[in-house]
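Along the sequence shown, the residues carry numbers beginning at 1. Note that this is a predicted model, so its numbers are computed, not measured.
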Amino acid sequence: VQLQAFGGGLVQAGGSLRLSCAASGITFSAAVMSWYRQAPGKQRESVATVNLGGTTNYADSVKGRFIISRDNAKNTVYLQMNSLKPEDTGVYYCNTPLGGYTWGQGTLVTVSS
């Protein structure tokens, strides 16, 4: 199983980024997928989830700013991040809601003030 996240980078506050996470070795179309982030010195937290039918859920901290989506044909889950804030800085990962698969390396997002 591989979960490869990419698309991170350095962006100014108020900017946008789109993250992608490509999954291999799993039946992606049967997997509820989540995006997580881990800020420096903090525990990893879930920020967004998309279920099999496309229904989404968000952490309060990102609601209204982030959009999670999936493309089952490409085995990929996306995270569109808008109106970024410095507190969004961290390493972003994708996985199932219970972190059921081996964590990938993630992708670093740095938001400057």
Side-chain angles (χ1 to χ4, degrees):
V1 175
Q2 281 194 320
L3 300 170
Q4 294 183 303
F6 50 95
L10 174 64
V11 63
Q12 288 188 330
S16 298
L17 281 175
R18 189 192 193 209
L19 307 183
S20 302
C21 180
S24 59
I26 68 172
T27 304
F28 183 81
S29 60
V32 178
M33 296 299 297
S34 295
W35 278 98
Y36 298 78
R37 69 182 175 198
Q38 187 165 19
K42 296 188 177 180
Q43 287 191 329
R44 187 179 288 146
E45 62 173 346
S46 175
V47 297
T49 297
V50 58
N51 72 10
L52 305 185
T55 301
T56 57
N57 285 288
Y58 300 93
D60 287 344
S61 58
V62 307
K63 202 171 292 184
R65 300 187 298 120
F66 289 12
I67 301 171
I68 187 172
S69 61
R70 64 190 297 156
D71 185 337
N72 290 340
K74 296 182 179 179
N75 285 7
T76 300
V77 60
Y78 303 97
L79 188 68
Q80 176 68 42
M81 306 188 296
N82 302 317
S83 302
L84 283 161
K85 304 176 180 180
E87 51 264 43
D88 295 319
T89 293
V91 181
Y92 284 70
Y93 308 83
C94 74
N95 209 319
T96 58
L98 295 179
Y101 296 112
T102 300
W103 294 93
Q105 290 187 335
T107 186
L108 176 63
V109 173
T110 304
V111 184
S112 64
S113 57

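Between Val11 and Leu84, the closest heavy-atom pair is CG1-CD1, 3.6 Å. Ser113 and Pro86 make their closest contact through CB-CG, 3.9 Å (heavy atoms, listed as atom of the first residue, atom of the second, distance). Counting all heavy atoms, side chain and backbone alike, Ser46 lies closest to Ala59 at O-CB, 3.7 Å. Between Leu3 and Ala23, the shortest heavy-atom contact is CD2-CB, 3.6 Å. When all heavy atoms are compared, the tightest approach of Ser16 to Asn82 is OG-OD1, 3.0 Å.
Remark: the backbone N or O of Thr96 is not paired with any side-chain donor or acceptor of Ser34 at under 3.5 angstrom. Between the side chain of Asn95 and the backbone N or O of Tyr101 there is at least one donor-acceptor pair closer than 3.5 Å. Not a single donor-acceptor pair under 3.5 Å links the side chain of Thr110 to the backbone N or O of Leu10. Between the side chain of Tyr93 and the backbone N or O of Arg44, no donor-acceptor pair lies under 3.5 Å.
Between Phe66 and Leu79, the closest side-chain pair of non-hydrogen atoms falls below 4.5 Å.
One distance of note links OG1 of Thr89 with CD of Gln38; it measures 13.5 Å at 0.5 Å rounding. Atom CD of Gln80 and atom OG of Ser69 lie 8.5 Å apart (nearest 0.5 Å).
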Legend entry - side chain to side chain contact (heavy atoms under 4.5 Å, CB included) between Val50 and Ile68, worked out: CA-CA 7 Å; Val50 58; Ile68 187 172; 3.7 Å; yes

Inset, instruction - Mind running side chain to side chain contact (heavy atoms under 4.5 Å, CB included) on Arg70 and Phe28 for me, showing each step along the way? - result: CA-CA 10 Å; Arg70 64 190 297 156; Phe28 183 81; 3.6 Å; yes

Legend entry - Phe6 and Leu19: CA distance, side-chain angles, deciding distance, side chain to side chain contact (heavy atoms under 4.5 Å, CB included) verdict: CA-CA 6 Å; Phe6 50 95; Leu19 307 183; over 6 Å; no

Legend entry - Intermediate values then yes/no, side chain to side chain contact (heavy atoms under 4.5 Å, CB included), Met81 and Val109: CA-CA 10 Å; Met81 306 188 296; Val109 173; 3.8 Å; yes

Legend entry - Test log, rule side chain to side chain donor-acceptor pair (under 3.5 Å), inputs Thr49 and Asn57: CA-CA 5 Å; Thr49 297; Asn57 285 288; over 6 Å; no

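Aromatic ring centres of Tyr78 and Trp35 lie farther apart than the 6.0 Å criterion allows.
Note on Leu52: it does not cluster hydrophobically with Ile26, by side-chain heavy-atom contacts below 4.5 Å among ILVMFWY residues. Each of Ile67 and Tyr36 belongs to its own hydrophobic cluster when Ile, Leu, Val, Met, Phe, Trp and Tyr are linked at side-chain heavy-atom distances under 4.5 angstrom.
Pairs engaging residues 78-88 under the salt bridge (Lys or Arg N to Asp or Glu O under 4.0 Å) rule: Arg37-Asp88, Arg65-Asp88 [sequence neighbours left out]. The disulfide (SG to SG under 2.5 Å) analysis of residues 20-113, with sequence neighbours excluded, yields the pairs Cys21-Cys94.
Applying the 6.0 Å contact sphere to CD of Glu45 captures more than 12 heavy atoms from other residues, nucleotides or ligands.
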